[in-house]
Structures are given as structure tokens and as C-alpha cells.
Amino acid sequence: MFLSTARNAAVLAVALAAFTVSCGADDAADPPAGAAASASASASASASASAPAPSSSVPQPTGAVPAEKVRDAFAGLQATLDDSCTPSQCAYFLGRVYDELHRLDRAMKADPKGPGHFPEPIALIAKLDGELGGDRSFENLKKHQTSLIGTRDKINTWMQGHPDDYR
């Protein structure tokens with residue numbers, strides 16, 4: 001009986017240790033804000049001394065957040081497909097569609113395939129931006145609601161025809 005309990009305790013201890021290590025790895029990857037500057041400076045110094053810089057078609061400034069993947073940005077845009085401009089949520093909805101379109105635009109422009117790989121969606125967003133004239137206010141988004149939703153729907157259709165770009 002004692003041997004069985006000791007064995008169970010050892011198995012539990014190993015499982016907890018493995019869990020703790022995996023949780024600790026997340027903490028190390030996401031240090032507290034105060035430690036971030038010193039950790040990134042020391043990591044930069046050691047990385048430049050020991051390994052060549054990674055190659056990338058889009059150079060990242062020091063401390064920049066890596067570009068978002070097209071598939072993740074497209075998923076955010078698709079999440080707006082079942083929503084609509086109800087009286088209580090219209091401002092939120094139109095603002096979200098606008099934000100998701102621009103999130104996708106940034107991801108496409110930063111994609112390793114290059115912005116030339118996504119000509120139609122980028123052109124559609126540029127056209128919409130021309131119509132909006134830089135005014136992201138609810139009144140202007142409501143005025144251009146048909147163009148905003150139409151742009152979203154056209155990009156969704158285009159992306160559905162290019163599944164390799166978002167899966």
C-alpha cells in the first residue's frame with residue numbers, strides 16, 4: 001500500500017513539474033514590462049553576437065510587433081459577417097468592420113508573399129478609404145455603410161477564392 005501511494009505521488013510530482021515548466025516558459029516569453037527593455041537589450045546583444053539576423057522580406061524596426069498573419073486578420077473580418085447594424089450596436093458594428101478591414105490590409109501588406117499577391121483586396125480598401133476621406137466618425141461610416149459592407153463582402157468573396165492565403 002505504501003509503495004503504491006509513493007508511486008502515485010511520484011507520478012503526480014512529475015506531472016506537476018512538467019506543467020510548471022510549460023507555464024514558466026510562457027512567463028519567460030512574456031516578461032513584465034519593467035524587465036522587457038533590459039531583457040530585449042540583452043537578447044539583442046547576445047543574438048547579434050551568436051547568430052545571423054533572420055531574413056525577412058519586411059524589415060521590422062527594433063522592438064516592433066511582428067506582422068499579423070493574413071489568416072488571423074481574415075478570421076476577424078469573417079467574424080463580422082453575421083452581425084448587422086442594429087440601432088443599439090450600429091456604431092460598434094461599423095467601427096469594427098472598418099477596423100477589421102484595415103487590420104487585414106496591414107497583414108496583406110506585411111505578408112511574405114508581398115502586397116502584390118493581394119491586389120484586389122488592397123485596392124478595394126484603398127477605394128473605400130478614398131470615399132471615407134480619412135473620416136472614421138460614426139456619421140461618416142453610417143453615410144458610407146453600403147460601401148463599407150460591400151467592401152467587406154467583396155474581400156470575403158475574393159479570399160474564399162484564394163483559400164491557400166488564409167488556411
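Bear in mind the structure is a predicted one, so any value in this text is a computation, not a measurement.
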task: Provide the full list of salt bridge (charged side-chain N to carboxylate O under 4.0 Å, His left out) pairs with a residue in residues 77-95, sequence neighbours left out, each pair given once.
output: D83-R96
Please, which pairs that meet disulfide (SG to SG under 2.5 Å) have at least one residue in [range], sequence neighbours excluded?
range: residues 97-145; answer: none
range: residues 95-160; answer: none
range: residues 110-154; answer: none
range: residues 102-133; answer: none

task: Could you tell me which non-hydrogen atom of H117 sits nearest to which non-hydrogen atom of W158, and how far apart they are?
output: O-CH2, 3.7 Å
message: Please find the pair of heavy atoms, one from A73 and one from L104, that lie closest to each other, and give the distance.
response: CB-CA, 3.6 Å
Between [atom1] on residue [X] and [atom2] on residue [Y], distance to nearest 0.5 Å:
X: D111; Y: E68; atom1: CG; atom2: CD; answer: 11.5 Å
X: L101; Y: R152; atom1: CG; atom2: CZ; answer: 8.5 Å
X: L81; Y: E100; atom1: CG; atom2: CD; answer: 10.5 Å
X: F74; Y: Q160; atom1: CZ; atom2: CD; answer: 4.5 Å
X: R71; Y: Q78; atom1: CZ; atom2: CD; answer: 13.0 Å

- request: Determine which pairs satisfy ring pair (Phe, Tyr, Trp, His ring centres under 6.0 Å) with at least one residue from residues 75-105, sequence neighbours left out, and list them in order.
  value: Y98-H102
May I have the list of side-chain donor-acceptor pairs in residues 134-149 shorter than 3.5 Å, sequence neighbours left out?
{"from": "D135", "atom 1": "OD1", "to": "S137", "atom 2": "N", "distance (Å)": "2.9"}
{"from": "D135", "atom 1": "OD1", "to": "S137", "atom 2": "OG", "distance (Å)": "2.8"}
{"from": "D135", "atom 1": "OD2", "to": "S137", "atom 2": "OG", "distance (Å)": "3.4"}
{"from": "R136", "atom 1": "NE", "to": "D99", "atom 2": "OD1", "distance (Å)": "3.2"}
{"from": "R136", "atom 1": "NH2", "to": "G95", "atom 2": "O", "distance (Å)": "3.2"}
{"from": "R136", "atom 1": "NH2", "to": "D99", "atom 2": "OD1", "distance (Å)": "2.7"}
{"from": "R136", "atom 1": "NH2", "to": "D99", "atom 2": "OD2", "distance (Å)": "2.9"}
{"from": "S137", "atom 1": "OG", "to": "N140", "atom 2": "N", "distance (Å)": "3.3"}
{"from": "N140", "atom 1": "OD1", "to": "H144", "atom 2": "ND1", "distance (Å)": "3.2"}
{"from": "N140", "atom 1": "ND2", "to": "L132", "atom 2": "O", "distance (Å)": "2.9"}
{"from": "N140", "atom 1": "ND2", "to": "D135", "atom 2": "O", "distance (Å)": "2.8"}
{"from": "K142", "atom 1": "NZ", "to": "Q145", "atom 2": "OE1", "distance (Å)": "2.9"}
{"from": "H144", "atom 1": "ND1", "to": "N140", "atom 2": "O", "distance (Å)": "3.0"}
{"from": "H144", "atom 1": "NE2", "to": "E131", "atom 2": "O", "distance (Å)": "3.4"}
{"from": "S147", "atom 1": "OG", "to": "E131", "atom 2": "OE1", "distance (Å)": "2.7"}

Salt bridge (Lys or Arg N to Asp or Glu O under 4.0 Å) involving D153 - partner list, sequence neighbours excluded: none
query: Is there a donor-acceptor pair closer than 3.5 Å between any side-chain N or O of R103 and the backbone N or O of D72?
result: yes
- prompt: With sequence neighbours excluded, what pairs up with D105 under the side chain to side chain contact (heavy atoms under 4.5 Å, CB included) test?
  reply: K109, I122, I125
